Amino acid sequence: MLRQRFQDLVRDRTAMAGAALLGLMIALAVLAPLLGGDPYRVDPTITLRPPSASHWFGTDEKGRDLWTMVVHGARTSLAIGAVTTALAVVTGYVLGVACGYFRWVDAVVMRVVDGLMSFPSIVLVISLVGVLGDGVATMITGLTVVLIPMVTRVVRGAALAVKAMPMVESTRSLGSRTSWVLLRYVAPEALSVTIVQAALAFSVTVLSVAALSFLGIGLPPDVPSWGTSLSAAQQYFYSAWWIGVFPGLAIVTTVLGLVLLGDGLRDVFDPRSARK
Amino acid sequence: MTVVLDLDGVGKDFSAGPFFARRRTAAVTSVSLRVHAGETVGLVGESGSGKSTLGRMAIGLLSPDRGRVTVQGQPLASLTPGKMRTFRRTMQMVFQDSSNSLNPRMTLEDLLVEPFRAQGLHTRSQRRHRAAALADEVGLARGSLVRLPHEFSGGQRQRISIARALALEPDLLVADEPVSALDVSVQAQILNLFKDIQQARKFAMLFVSHDMAVVEFISDQVAVMRAGALVEFGSRDDVFDSPQQPYTRTLLDAAPSL
Amino acid sequence: MTNYLLKRLGALLPTVAVPMVLLFVMLRLAPGDPAAAIAGDSATTEEIAEVRGRLGLDASLWDQFLGWLGRVVRLDFGDSLFAELRVSGLVFEHAQVTVQLTVLALTVALLIGPFLGIAAGTRRHGLLDRVLVFGSSIGIAVPSFWLAVLLIAVFGVVWQVFPVAGYVPFSEDPVLFLHHLALPAISLGLVEAATLFRYSRAGVLDSLHQPFVTTARSMGLPERMVIRKYVFRAAVVPMVTVVGLTTGSLMGGAVVTESVFSVPGLGQLLLTAVQRRDYPVIEGCIFFIAVVYVLLNLLIDLLYSLLDPRIRY
Amino acid sequence: MHTTTEPLLRVSGLSARIGDLPLVQEVGFEVHRGRTLAVVGESGSGKSITAAAVMGILPPQITAEGSVFFDGTELLGEPAKRRRARGGAEIGYVFQEPMSALHPLLRIGTQMIRPLRHHLGLGRREARDQALELLEQVGLGRERKVLDAYVHELSGGMRQRVMIAMAISCRPRLLLADEPTTALDPTVQQQILGLLVRLREQLDLALVLISHDLGLVARHSDEVLVMYDGRVVEQGPTAQVVDRPEHPYTRALIDAAPRLGRRPDRLPTIDGAVLEQTRAMAGGAR
């Protein structure tokens with residue numbers, strides 16, 4: 001069944017376009033040390049140089065090679081994105097399945113989830129980072145806290161839908177244990193929507209990391225990041241357009257890849273809500 | 001004849017209505033009914049009569065708000081959840097909608113092995129052996145053991161449902177509108193199958209249906225329900241030849257005939 | 001209805017309570033001494049102790065919580081740590097600007113998104129549809145702050161038709177007010193328009209295949225009437241929820257966009273507070289946004305019951 | 001009893017397909033005004049597709065060819081707009097599930113009045129009066145409450161009556177009813193079928209009843225068309241087909257259904273040989 005879905009996914013042109021864009025960015029991130037120079041090397045003699053053969057994307061206001069900054073920025077974004085998404089999706093999945101099946105868990109967890117859900121996530125992350133102090137770990141914590149409710153809610157919905165299906169009544173009437181029902185009935189169905197949520201969560205993370213570092217919150221200022229580069233562009237855009245363009249394109253490419261991949265995943269794994 | 005299912009003044013309420021003016025209405029008011037071994041009781045009624053609710057209470061899938069359900073001398077209300085799980089092998093159900101009541105990710109063999117796994121019966125190879133025997137009994141080809149539910153037709157899926165219910169050799173079988181979604185030609189095969197296996201296995205059967213003709217064909221005793229209450233009960237011939245209640249007569253008049 | 005409202009308010013309480021409690025707990029459980037962090041590197045022990053006293057961090061956690069809860073319930077967030085100003089006054093003053101920006105951005109989003117969504121949905125697989133769908137995917141991928149930077153570069157710096165920063169109150173000069181908020185509202189609204197586009201297109205596509213639409217067609221009504229009176233009517237209901245969610249994420253986006261355009265709104269207040277670790281102000285901002293959210297949710301419920309006769313409270 | 005007049009609807013050589021997959025093949029029948037034709041078949045027999053093809057509401061991926069000759073005009077191949085305009089005014093259609101076939105967010109009155117104003121050019125008030133008149137005609141009485149109600153507030157039987165009132169509202173000459181009673185309780189089924197037949201007489205309609213249940217429609221129809229696998233198996237006067245079916249499939253279909261008062265030990269089933277034979281006889285090999 002999974003294999004069948006995977007084949008459907010490969011045939012889905014939207015999904016494959018997304019996967020290609022995302023794959024490109026992942027390749028850049030992984031190969032960053034080979035592709036670019038040293039992101040921490042500051043050379044005051046070559047500040048704000050336009051794109052050229054030696055500096056493909058030009059240089060920034062501190063004289064760093066922008067291409068190097070963009071590929072290392074990909075490393076930062078995707079690493080934080082991957083860790084956050086993994087944490088949020090695993091936690092959200094477990095919580096969601098539990099909520100969908102056990103009433104008392106649901107009563108407690110959903111109150112908290114509803115509270116966090118209906119709040120602008122970026123504001124909450126900013127505040128949490130503000131309280132916890134800067135740092136990569138803080139940022140991952142803040143983003144995870146914000147994303148867990150999103151995943152939990154959707155997984156819970158799917159779990160509840162499965163629980164109400166006649167097939168669960170059928171297996172229960174055979175005397176199946178709760179663990180069996182969860183493992184063989186609820187969990188696999190809920191997995192489909194979780195896969196779709198993962199793509200969404202990843203894109204939210206990438207955008208949030210960019211926004212936070214653009215605002216100068218969370219990441220230490222010398223860590224290469226697209227948002228940090230773009231915030232410099234506010235001052236230098238007129239004289240050095242490239243600082244404002246290339247990091248932005250990197251963000252758009254990554255998120256577009258995730259959005260397209262997410263759409264494709266939805267079509268394949270969650271056709272009911274895809275039509276909605 | 002031994003009494004297998006004994007419903008004594010059983011009732012169930014449901015809350016219905018808008019969010020705040022929510023009222024509790026009785027889906028089943030108070031029904032008493034007995035089903036003996038080797039006998040089929042047809043439970044007939046229109047939508048909203050409470051017949052499916054009663055069927056679910058009979059095998060402990062719903063617990064009644066009033067009255068007592070006793071199966072093979074065991075009051076269901078006194079069973080702990082753990083005991084109830086084991087006791088389920090005594091009473092089984094065939095569901096109406098076979099396309100939704102079978103896990104789409106399980107092969108026919110998984111589906112037929114599941115009852116044994118649920119009850120922790122037999123060894124792995126014995127289970128597979130029995131699954132194959134069950135497939136034979138309900139007329140499914142052994143070659144199709146590796147197939148998934150959606151690869152079967154509606155009638156074949158209903159056969160799978162029946163085989164699953166039979167696997168644990170229950171004393172009581174509740175069938176909830178098991179043929180109402182099927183075409184006439186397939187319906188005939190499934191109804192015959194129900195008769196055959198009951199004659200072979202001698203379990204007690206509560207057969208829930210809205211179709212008078214189907215009930216007449218399958219039942220020994222007939223119970224007519226309306227608005228949560230039992231309005232008429234008697235042997236098939238009595239109920240169909242000389243109905244005592246005007247409502248039963250209305251149902252008979254409305255049934256299609258050629 | 002009154003009953004219902006009370007119940008809904010109860011259900012929406014977590015929206016206010018959860019973020020507030022989360023902040024409270026995070027601040028106290030975070031590693032390191034927040035008082036020392038606030039007072040700064042060069043602070044003396046006395047200064048740190050003073051900050052600790054002002055934040056009430058010297059009491060037991062439970063006493064701190066009870067005291068904090070009492071103040072929150074009375075809507076008393078105290079003074080800013082850095083200026084002798086009431087938090088409530090600060091928040092209220094800045095919030096007005098943010099609300100104005102959000103309303104303008106929502107207008108932009110509503111003028112573009114649903115309209116194009118309907119156009120695309122009724123011409124499925126056409127050229128227009130494909131172009132718009134692709135455009136919306138890009139729209140979702142573009143961070144609003146980057147769009148803001150680009151808009152400033154083009155309209156503010158190169159063509160110089162819009163101011164690059166600043167804010168003029170509406171009461172002072174409505175024209176200048178709009179002139180200053182135009183770019184922020186557009187950069188914020190365009191991105192949300194992409195989301196609205198997607199949902200309204202999906203809504204129209206979904207409604208087009210409903211059996212009641214086939215019925216309308218079978219009654220010989222012309223397609224234009226079928227779409228206007230039957231398809232739209234069905235598609236508009238779920239849009240209410242989407243617009244509500246959009247308004248929420250617009251407020252979130254406003255925080256970032258305000259910083260690009262130096263608009264003195266809640267976002268700026270929050271950012272400054274976060275950078276300086278001005279906890280009372282952070283709490284005040286979060287509280288305000290949460291309350292707006294609750295009101296927004298109630299409004300959505302109300303609209304829903306007006307639009308869908310199946311929902312009665 | 002044969003009418004000498006021209007049939008209102010004459011379908012001949014009607015085929016429908018999705019891509020290369022045939023759904024309906026070479027179907028032909030006639031219906032006269034004042035008469036009822038029952039089209040009977042099991043799922044997948046193509047009966048509903050046939051009705052949708054006559055009405056011109058096939059999903060876009062299904063193509064139809066052949067001839068649908070209605071009251072002197074060929075409908076297949078007619079421009080979509082012209083075809084659409086016949087809906088309601090010349091051909092009425094009753095759907096299987098009135099709950100989903102009626103708009104959940106519009107009042108019953110609104111939904112009834114729009115076609116009346118469009119086809120008959122009535123004013124708002126006249127159309128409302130006419131709608132009340134129609135409600136009375138379908139046995140709901142002149143109830144303003146029904147006009148102001150939403151579909152979820154009505155019972156299943158009332159919904160289907162409203163659906164029928166709408167279908168006959170613009171004075172069609174042909175009424176197609178696709179499984180109009182399948183979603184209803186048996187007692188209500190009979191009432192609805194009785195209503196359809198009464199309206200057919202009163203309004204001199206030609207009525208086509210689509211059903212999976214031969215027993216159900218037998219007493220309400222003049223002629224029967226039995227379909228299997230997209231083809232016509234047998235057609236003729238209802239009494240004749242029911243009492244002396246010529247085709248083994250029809251015979252088997254009648255026997256397979258349990259009937260009141262028979263009480264056999266086993267039901268005769270339709271065996272594979274008959275089905276194979278039916279396929280072969282009805283249209284040759286594929």
Side-chain angles (χ1 to χ4, degrees), chain A residues 1-9 93 97 100-105 107 110 114 155 157-196 265 267-274, chain B residues 52 55-56 58-62 79 81-107 110-121 148-151 157 160-168 170 172-177 181:
Chain A
M1 203 152 194
L2 265 179
R3 186 184 302 163
Q4 176 61 39
R5 299 235 170 130
F6 186 72
Q7 284 168 358
D8 289 347
L9 194 64
Y93 177 69
V97 168
Y101 207 80
F102 301 105
R103 275 193 168 180
W104 59 272
V105 178
M110 281 320 283
D114 281 341
V155 173
L160 278 178
V162 181
K163 196 186 168 192
M165 280 168 77
M167 66 173 182
V168 169
E169 194 181 26
S170 164
T171 189
R172 238 162 42 84
S173 77
L174 294 172
S176 295
R177 290 174 194 277
T178 303
S179 56
W180 172 261
V181 179
L182 280 175
L183 217 64
R184 286 301 299 261
Y185 285 78
V186 182
E189 286 288 324
L191 197 60
S192 298
V193 295
T194 312
I195 291 171
V196 179
L265 287 169
D267 289 341
V268 174
F269 284 97
D270 193 14
R272 252 166 300 170
S273 78
Chain B
S52 289
R56 279 176 165 67
I59 61 158
L61 280 177
L62 283 176
L79 288 169
K83 286 259 170 58
M84 174 63 115
R85 219 175 54 72
T86 337
F87 192 70
R88 287 205 178 281
R89 65 181 76 158
T90 323
M91 45 192 196
Q92 285 293 307
M93 183 148 182
V94 176
F95 295 88
Q96 171 178 10
D97 184 358
S98 58
S99 55
N100 283 329
S101 59
L102 301 173
N103 189 338
R105 290 161 212 275
M106 289 187 174
T107 63
D110 292 338
L111 289 166
L112 296 183
V113 161
E114 195 182 16
F116 306 122
R117 199 173 323 204
Q119 294 292 341
L121 299 172
L148 293 167
H150 70 90
E151 297 171 288
R157 276 199 297 264
I160 302 176
S161 282
I162 294 169
R164 276 159 62 85
L166 293 179
L168 298 172
L172 171 67
L173 188 71
V174 173
D176 183 20
E177 298 266 13

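Basis for what follows: all heavy atoms, side chains included, without hydrogens, waters or symmetry-related copies. What you see is a predicted model; the values in this text were computed from it and never measured. In what follows, every chain begins at residue 1, and chains take the letters A, B, ... in the order their sequences are listed.
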Residues forming a salt bridge (charged side-chain N to carboxylate O under 4.0 Å, His left out) with B:R56, sequence neighbours excluded =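 For B:R56, the residues satisfying salt bridge (charged side-chain N to carboxylate O under 4.0 Å, His left out) (neighbours in sequence not counted) are A:E169, B:D176.
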task = Could you look at B:M91 and say if it's the side chain, the backbone, both or neither that has a heavy atom under 4.5 Å from chain A?
result =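 Contact with chain A is through the backbone of B:M91 alone.
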task = Heavy-atom distances under 4.5 Å only: say whether B:R117 touches chain A with side chain, backbone, both or neither.
result =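 The side chain, not the backbone.
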ask   = Highest number of heavy-atom pairs under 4.5 Å with chain A: which of B:N100, B:L102, B:L168, B:I59?
value =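 Option with the greatest count: B:N100.
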inquiry  = Under a 4.5 Å cutoff for heavy-atom pairs, which residue among B:Q96, B:M84, B:Q119 has the most contacts with chain A?
reply    =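 Answer, by heavy-atom pair count under 4.5 Å with chain A: B:Q119.
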inquiry  = Can you see whether B:R88 engages A:S173 through a side-chain donor-acceptor pair at a distance of less than 3.5 angstrom?
reply    =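 No pair is found: no donor N or O on one side chain lies under 3.5 Å from an acceptor on the other.
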key: Side-chain heavy-atom pair B:L61, A:R172 within 4.5 angstrom cut-off   =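 They are in contact (side-chain heavy atoms under 4.5 Å apart), so the answer is yes.
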ask   = Any side-chain heavy-atom pair from A:M167 and B:P104 closer than 4.5 angstrom?
value =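 The answer is yes; the side chains approach within 4.5 Å.
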task = Using the side chain to side chain contact (heavy atoms under 4.5 Å, CB included) rule, take B:R105 and A:E189 through it: C-alpha gap first, then chi angles, then the decisive distance, then the call.
result = CA-CA 9 Å; B:R105 290 161 212 275; A:E189 286 288 324; 2.9 Å; yes
Name each donor-acceptor pair under 3.5 Å that joins a side chain in residues 174-182 of chain A to protein atoms two or more places apart or in another chain, with its distance.
residue	atom	partner	partner atom	Å
A:S176	OG	A:T171	O	3.0
A:S176	OG	A:T171	OG1	2.7
A:W180	NE1	B:E114	OE2	2.8

inquiry  = Any side-chain to backbone donor/acceptor pair from B:N103 onto A:R184? Under 3.5 Å, distance only.
reply    =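 Yes: the side chain of B:N103 pairs with the backbone of A:R184.
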